[in-house]
Amino acid sequence: MHGAGGKQGIRVDDVWQALRQVQDPELGRDLVSLNMIRQIRIEGSCVHVTVELTTPACPLKAQIEASCRQQVLQIPGVTGVQIAFSARVRGRSPWQRRAPLPGVKRILAVAGGKGG
């Protein structure tokens, strides 16, 4: 979402530039080049940013949030920052993608192992 917005003259492009300074702690690249910024919205002097994580249980979420907040608050006119998170969940496994067997309600696997 590009363009101008906000009564204080805060520009979405300025927010993008600020977020280019935020590095993903694990990957060592900025969130913008990693395509992790999903949405930027400006309401008055408050900036709302949605960051897409690679996993919902990202252990570095708090660090990413603090870095985003710190960078965006440096933009003149910004008085508040709201950070929301989403997660990019990878596709299903090959087993889950297969269509179920027609007429089969349950599958039971039985295995036997002979120790040697």
Side-chain angles (χ1 to χ4, degrees):
M1 178 183 208
H2 292 277
K7 297 175 187 174
Q8 305 297 321
I10 302 165
R11 298 177 331 126
V12 172
D13 289 339
D14 293 337
V15 179
W16 281 106
Q17 287 300 335
L19 293 172
R20 286 185 192 281
Q21 307 307 309
V22 179
Q23 301 285 310
D24 179 286
E26 291 181 315
L27 302 175
R29 291 179 47 205
D30 71 274
L31 301 185
V32 174
S33 68
L34 289 170
N35 200 28
M36 292 174 69
I37 305 301
R38 304 312 316 152
Q39 181 182 35
I40 296 173
R41 192 177 77 239
I42 299 170
E43 292 180 359
S45 62
C46 187
V47 175
H48 300 265
V49 178
T50 302
V51 178
E52 183 178 77
L53 302 172
T54 54
T55 176
C58 179
L60 302 168
K61 181 177 170 180
Q63 183 179 345
I64 293 170
E65 180 177 6
S67 296
C68 288
R69 188 176 311 285
Q70 178 185 6
Q71 289 299 322
V72 174
L73 282 171
Q74 291 181 24
I75 300 170
V78 174
T79 59
V81 180
Q82 295 292 320
I83 309 289
F85 290 96
S86 65
R88 182 182 325 150
V89 179
R90 299 285 181 210
R92 301 166 87 183
S93 76
W95 295 106
Q96 292 172 318
R97 274 182 263 176
R98 291 186 180 172
L101 298 171
V104 176
K105 196 172 195 177
R106 292 185 179 89
I107 298 175
L108 175 65
V110 178
K114 181 179 174 187

Considering only distance and modelled atom types, tabulate donor-acceptor pairs under 3.5 Å from the side chains of residues 22-32, sequence neighbours left out.
residue: Gln23; atom: OE1; partner: Arg29; partner atom: N; Å: 3.4
residue: Asp24; atom: OD1; partner: Glu26; partner atom: N; Å: 2.9
residue: Asp24; atom: OD1; partner: Leu27; partner atom: N; Å: 2.8
residue: Asp30; atom: OD1; partner: Ser33; partner atom: OG; Å: 2.9
residue: Asp30; atom: OD2; partner: Val32; partner atom: N; Å: 3.0
residue: Asp30; atom: OD2; partner: Ser33; partner atom: N; Å: 2.8

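- Glu52 and Ala87 get closest at one heavy-atom pair: CG-C, 4.1 Å.
- Closest approach of Val51 to Cys68, counting heavy atoms only: CG2-SG, 4.2 Å.
- Under a hydrophobic clustering in which Ile, Leu, Val, Met, Phe, Trp and Tyr are joined whenever their side-chain heavy atoms come within less than 4.5 Å, directly or via other members, Val49 and Leu60 fall into different clusters.
- Under the rule for a side-chain contact (heavy atoms from CB on, under 4.5 Å), the partners of Asp14 that lie at least two apart in sequence or sit in another chain are Arg11, Ile75.
- Glu65 pairs by the side-chain hydrogen bond (donor to acceptor under 3.5 Å, both in side chains) definition with Arg69, not counting sequence neighbours.
- For Thr50, the side-chain contact (heavy atoms from CB on, under 4.5 Å) test picks out Arg38, Gln39, Ala84, Ser86, with sequence neighbours left out.
- In this structure, the separation between CD1 on Ile40 and NE2 on His48 is 12.0 Å, given to the nearest 0.5 Å.
- In terms of heavy-atom proximity, Ile10 sits nearest to Gly77 at CD1-O, 3.6 Å.
- Looking at residues two or more places apart in sequence or on another chain, you find a side-chain contact (heavy atoms from CB on, under 4.5 Å) between Gln17 and Arg20.
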For this session: For Ile37 and Val15, run side chain to side chain contact (heavy atoms under 4.5 Å, CB included): C-alpha distance rounded to whole Å, both residues' side-chain angles, the deciding distance at 0.1 Å, then the answer.
Result: CA-CA 11 Å; Ile37 305 301; Val15 179; over 6 Å; no

